[in-house]
Amino acid sequence: MLNDAQTAVSWRATPRSFVALMSLYESNYIRLGWLAGNVAALQGEYLSPIVGDCDLQLSVVERFAVHDDFESHLPDSGPGRHPRFPDMGVRVYHDARLVEAQEWAHTHGHAGLRALRNTVACELDQRWARNIMLNKWLEYCVERGHRFAPAKAGCT
């Protein structure tokens with residue numbers, strides 16, 4: 001398993017710079033790999049049920065030549081239940097091995113996400129906030145035991 005904390009770098013990036021942001025995107029790619037294995041092979045929807053925890057759903061929304069658009073969220077649990085969190089679009093750049101949290105809702109039902117959204121002003125700050133949140137979310141899901149495995153041949 002790759003560990004981004006042990007990756008040797010030949011440069012020092014200024015905190016919260018564009019270069020450091022690209023390193024965060026690379027870390028997101030590594031963490032998504034922990035969760036889903038070969039990210040480039042994913043198609044359709046996947047569910048990761050954990051006993052005693054919420055289910056986690058991963059959906060490949062659109063596939064393109066060099067990138068795919070994903071959503072990862074807690075599935076709806078029925079009428080009157082929690083909305084899908086986190087509510088953001090994720091883009092996977094396969095050639096560069098980067099994962100970017102691209103967008104998030106203009107308003108949030110969850111107080112913590114609403115507070116985070118309201119504290120960022122410029123585009124670079126918004127990218128940092130979205131991608132730090134995605135990075136921690138992916139790490140949290142892996143620590144909880146979530147995994148998305150491809151369907152085995154002959155199984156439904």
Side-chain angles (χ1 to χ4, degrees), residues 1-7 15-16 20-64 67-94 96-120 124-156:
M1 176 182 336
L2 292 174
N3 184 339
D4 59 340
Q6 297 173 353
T7 303
R16 300 188 65 80
L21 183 62
M22 293 300 105
S23 295
L24 179 59
Y25 289 3
E26 183 180 16
S27 178
N28 287 345
Y29 186 89
I30 291 168
R31 282 171 167 68
L32 184 59
W34 292 346
L35 191 62
N38 182 0
V39 178
L42 296 174
Q43 295 182 16
E45 293 191 354
Y46 299 83
L47 188 66
S48 174
I50 299 291
V51 176
D53 197 11
C54 296
D55 291 350
L56 184 63
Q57 186 173 349
L58 178 72
S59 303
V60 179
V61 178
E62 242 179 309
R63 297 187 65 90
F64 298 94
H67 71 268
D68 296 332
D69 291 340
F70 286 58
E71 288 181 350
S72 177
H73 51 265
L74 306 174
D76 294 327
S77 301
R81 298 296 175 112
H82 299 286
R84 295 154 78 144
F85 290 118
D87 49 355
M88 71 172 57
V90 176
R91 179 159 287 170
V92 178
Y93 298 94
H94 298 291
R97 296 180 171 241
L98 303 175
V99 171
E100 174 189 13
Q102 283 208 300
E103 59 185 343
W104 52 8
H106 294 289
T107 60
H108 295 282
H110 189 278
L113 294 175
R114 191 170 43 251
L116 179 62
R117 174 72 165 109
N118 292 334
T119 60
V120 295
L124 189 59
D125 285 343
Q126 288 184 26
R127 288 175 187 250
W128 268 100
R130 288 190 308 255
N131 284 282
I132 287 287
M133 191 277 192
L134 175 62
N135 195 271
K136 297 302 180 188
W137 172 252
L138 292 170
E139 187 173 348
Y140 171 79
C141 291
V142 168
E143 287 177 358
R144 297 293 296 166
H146 286 286
R147 297 295 184 277
F148 297 111
K152 294 179 183 170
C155 296
T156 57

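Small disclaimer: the values here were computed from a predicted structure and weren't measured.
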To the nearest 0.5 angstrom, please state how far the [atom1] atom of [X] sits from the [atom2] atom of [Y].
X	Y	atom1	atom2	result
Leu47	His146	CG	NE2	9.0 Å
Leu32	Leu134	CG	CG	8.0 Å
Phe148	Gln57	CZ	CD	8.0 Å
Leu98	Asn131	CG	CG	10.0 Å
Ile30	Leu35	CD1	CG	14.0 Å
His94	Phe64	NE2	CZ	11.0 Å

Donor-acceptor pair, side chain of Arg63 and main chain of Leu42, under 3.5 angstrom: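 Yes, Arg63 side chain to Leu42 backbone: donor-acceptor pair under 3.5 Å.
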Go through the steps for Val142 and Arg147 under the test side-chain contact (heavy atoms from CB on, under 4.5 Å), then give the verdict. CA-CA 7 Å; Val142 168; Arg147 297 295 184 277; 3.6 Å; yes
Correct closest heavy-atom pair for Ser27 and Asn135 would be OG-ND2, 2.9 Å
In short, Cys141 meets Leu56 closest at the heavy-atom pair SG-CD2, 3.5 Å
Check Glu139 with Arg31, please: is the shortest side-chain N to carboxylate O separation under 4.0 Å?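 The answer is yes: the pair qualifies as a salt bridge.
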Which of these passes side chain to side chain donor-acceptor pair (under 3.5 Å) with Glu100: Arg91, His67, Arg127? Arg127
